[in-house]
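To keep things clear, I will list the structure first and then write my remarks on it.
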Amino acid sequence: MRDRHEPMQIGVVFPQTEIGADMGAVRAYATGAEALGYAHLLAYDHVLGADPAVHAGWAGPYDVDTTFHEPFVLFGFLAGITKLELVTGVIILPQRQTALVAKQAAEVDILCEGRFRLGIGVGWNSVEYDALGRSFGDRGVRSAEQIELLRRLFTERSVTFEGRSEHVTGAGIAPLPVQRPIPIWFGASTPPAFRRAGRLGDGWFPMVPPGPRLDEAKAIVDEGAREAGRDPSSIGMEGRVSWTPEGGLDMVLDHVERWRSTGASHLEVNTMRAGFASVDHHLAALAKVAEAVGLARQT
């Protein structure tokens, strides 16, 4: 069991939907977060957004006008300007080609010298799946096979793999990543996803807050781990706290302590949808959190 007094690694959520296309802003945010003492940067993933004018009744949280930097390319840039751990949170794995994900992830891992976690999920946006030519209905089943193949591609020079959906014959990626294998973390919000995280994941991102719902989710993760012959305490858990206009710093700090009490190994601070109009505003909020939780500023 993880020692609850062990330090919890704290990082930031890259403000994908609000930072825009200015690379100067991207640079300023990442280097600013690092200077404040944050340990990692997590980025969401969407390749395409749906046009509500075409998709009647669209109710998703993102649409065709919502900005998303492509995480692997973004991380190639950030690896050259920071020493932050880089985390996808999460790549929608079943809508992407597995071998290409392996190649891209390995390259990021090399460029950032092994400071990379590959967070994956199955997603919710069928419009995106259709446009990328991938099946939406069996995405959960396919993801388990993809993970098996990813780990082999991360660790073996030449791979032959015959699965239901994945087929590789005597091929491999070169160079191999620094981490062999790269840690794979799961975004999870349903019982089947909780169980997959326990069976297959190096860690997981709960989509529920501390309390009874998290306790129920963690019980399923732990059960999945034990069924697979794994030690549940070896599986990391990363919580999320969000700065809101109503709650501000006090609510963030309360939620930080709630996550700490669960034994979470990692925590991310999200400042999107807080009404901030610039990178400076995002960083100012992060600075208040960093000072309050005692992060060591970088000089």
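Each residue takes its place number in the sequence, starting with 1.
With salt bridges taken as basic N to acidic carboxylate O contacts below 4.0 Å, one links R117 and E85. Salt bridge present: R260 and E257 bring a charged side-chain N and a carboxylate O closer than 4.0 Å. Contact check on R273 versus E18 returns no salt bridge, with no Lys/Arg side-chain nitrogen under 4.0 Å from an Asp/Glu carboxylate oxygen.
Taking the side chain as every heavy atom from C-beta outward, F161 and T169 never approach each other to under 4.5 Å. Side-chain contact check for T88 versus L42: every heavy-atom pair is 4.5 Å or farther apart. A heavy-atom distance below 4.5 Å is not found between the side chains of L86 and R115. In this structure the side chain of P94 reaches within 4.5 angstrom of the side chain of Y129, judged on heavy atoms. Residues L78 and L41 meet the side-chain proximity criterion, which asks for heavy atoms closer than 4.5 Å. The shortest distance between side-chain heavy atoms of V108 and L118 does not fall below 4.5 Å. Two residues are said to be in side-chain contact when any heavy atoms from C-beta on lie closer than 4.5 Å; R258 and D254 meet this criterion. At a threshold of 4.5 Å between non-hydrogen side-chain atoms, the residues V87 and F205 count as touching.
In the hydrophobic clustering of this structure, L267 groups with L253; members are Ile, Leu, Val, Met, Phe, Trp, Tyr whose side-chain heavy atoms approach within less than 4.5 Å, directly or through other members. L84 and F75 fall within the same hydrophobic cluster, where Ile, Leu, Val, Met, Phe, Trp and Tyr residues are linked whenever their side-chain heavy atoms come under 4.5 Å apart, directly or through other members. Hydrophobic clustering of Ile, Leu, Val, Met, Phe, Trp and Tyr side chains at less than 4.5 Å, counting indirect connections, unites I235 with I184. I220 and V141 sit in two unconnected hydrophobic clusters of ILVMFWY residues. Membership requires side-chain heavy atoms under 4.5 Å apart, directly or through other members. The hydrophobic clustering, which links ILVMFWY residues whose side-chain heavy atoms are closer than 4.5 Å, places V289 and Y29 together.
Put simply, CD1 on I92 and CD on Q95 are 6.0 Å apart, with the number rounded to the nearest 0.5 Å. Taken from OG in S278 to CG in D22, the straight-line distance is 11.5 Å, to the nearest 0.5 Å. Taking OG1 of T66 as the start and CG of L48 as the end, the distance is 12.0 Å to the nearest 0.5 Å. One distance of note links CD of E238 with OG of S265; it measures 7.5 Å at 0.5 Å rounding. Rounded to the nearest 0.5 angstrom, F116 CZ and F72 CZ are separated by 5.0 Å. In this structure, CG in L214 is found 12.5 Å from CE in M207, a value given to the nearest 0.5 Å.
Across all non-hydrogen atoms, the minimal contact from P210 to T262 is CB-CG2, 3.9 Å. Of all the heavy atoms in I120 and V90, the pair that sits closest is C-CB, 3.5 Å. Contact record, I91 with D45: CA-OD2, 3.6 Å, taken as the closest heavy-atom pair. The nearest pair of heavy atoms linking H282 to P15 is CE1-CB, 3.9 Å. Of all non-hydrogen atoms in V241 and V256, the two that sit nearest each other are CG1-N, 3.9 Å. The two residues S242 and V252 come nearest to each other via the heavy atoms O-CG2, 3.8 Å.
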- Stepwise side chain to side chain contact (heavy atoms under 4.5 Å, CB included) check, K218 with D222: CA-CA 6 Å; K218 191 173 185 307; D222 291 352; 3.1 Å; yes

- Message: Pair T98, E166 - check side-chain hydrogen bond (donor to acceptor under 3.5 Å, both in side chains), show working.
- Response: CA-CA 8 Å; T98 311; E166 301 291 333; 2.8 Å; yes

- Message: Working note: D231 + R226, criterion salt bridge (charged side-chain N to carboxylate O under 4.0 Å, His left out); need CA distance, chi angles, decisive distance, verdict.
- Response: CA-CA 6 Å; D231 178 0; R226 285 190 290 268; over 6 Å; no

- Task: Show your reasoning for whether ring pair (Phe, Tyr, Trp, His ring centres under 6.0 Å) applies to Y62 and F68.
- Result: CA-CA 10 Å; Y62 312 115; F68 277 90; 4.9 Å; yes

- Do R297 and E291 pass the salt bridge (charged side-chain N to carboxylate O under 4.0 Å, His left out) test, and can you show the C-alpha distance, the side-chain angles, and the key distance before you say yes or no? CA-CA 9 Å; R297 283 178 174 262; E291 181 177 8; 6.0 Å; no

- Test V26 against H69 for side chain to side chain contact (heavy atoms under 4.5 Å, CB included), laying out the working first. CA-CA 10 Å; V26 171; H69 291 276; 4.1 Å; yes

- Item | Trace of the side chain to side chain contact (heavy atoms under 4.5 Å, CB included) decision for F77 with R27 | CA-CA 9 Å; F77 172 69; R27 178 190 294 270; 4.0 Å; yes

- Evaluate side chain to side chain contact (heavy atoms under 4.5 Å, CB included) for F136 paired with N125, printing each intermediate quantity in order. CA-CA 8 Å; F136 184 74; N125 187 349; 5.9 Å; no

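For residues 181-206, the side chain to side chain donor-acceptor pair (under 3.5 Å) pairs, not counting sequence neighbours, are R151-D202, R195-E223, R195-E227.
Checked by atom type and distance alone, the side chain of E156 never pairs as donor or acceptor with a backbone atom of G172 at under 3.5 Å. R180 contributes a side-chain N or O that, together with a main-chain N or O of P177, makes up a donor-acceptor pair within less than 3.5 Å. Within the 3.5 Å criterion, the main-chain N or O of L93 finds no donor-acceptor partner in the side chain of R96. Put simply, the side chain of E162 never gets that close to the backbone of V168: no donor and acceptor are under 3.5 Å apart. A donor-acceptor pair under 3.5 Å links the side-chain atoms of Y38 to the main chain of L286, judged by distance alone. R152 places a side-chain N or O within donor-acceptor distance of the main-chain N or O of T160, the cut-off being under 3.5 Å. Side-chain N or O atoms of E268 include none that pairs as donor or acceptor with a backbone N or O of R240 at under 3.5 Å. The closest donor-acceptor contact from the side chain of H40 to the backbone of V13 lies at 3.5 Å or more, if one exists at all. In terms of modelled atom types and a separation under 3.5 Å, the side chain of D109 and the main chain of V178 share a donor-acceptor contact. At distances below 3.5 Å, at least one donor-acceptor pair connects side-chain atoms of E70 with backbone N or O atoms of V73.
Between W243 and F276, the ring-plane angle classifies as tilted under the 30° and 60° cut-offs.
Under the side-chain contact (heavy atoms from CB on, under 4.5 Å) test applied with L153, the options L176, V159, I182 reduce to a single match, V159.
Within 6.0 Å of the NZ atom in K103, the count of heavy atoms belonging to other residues, nucleotides or ligands exceeds 12.
In this model, no donor atom of one side chain and acceptor atom of the other lie less than 3.5 Å apart for Q16 and H46.
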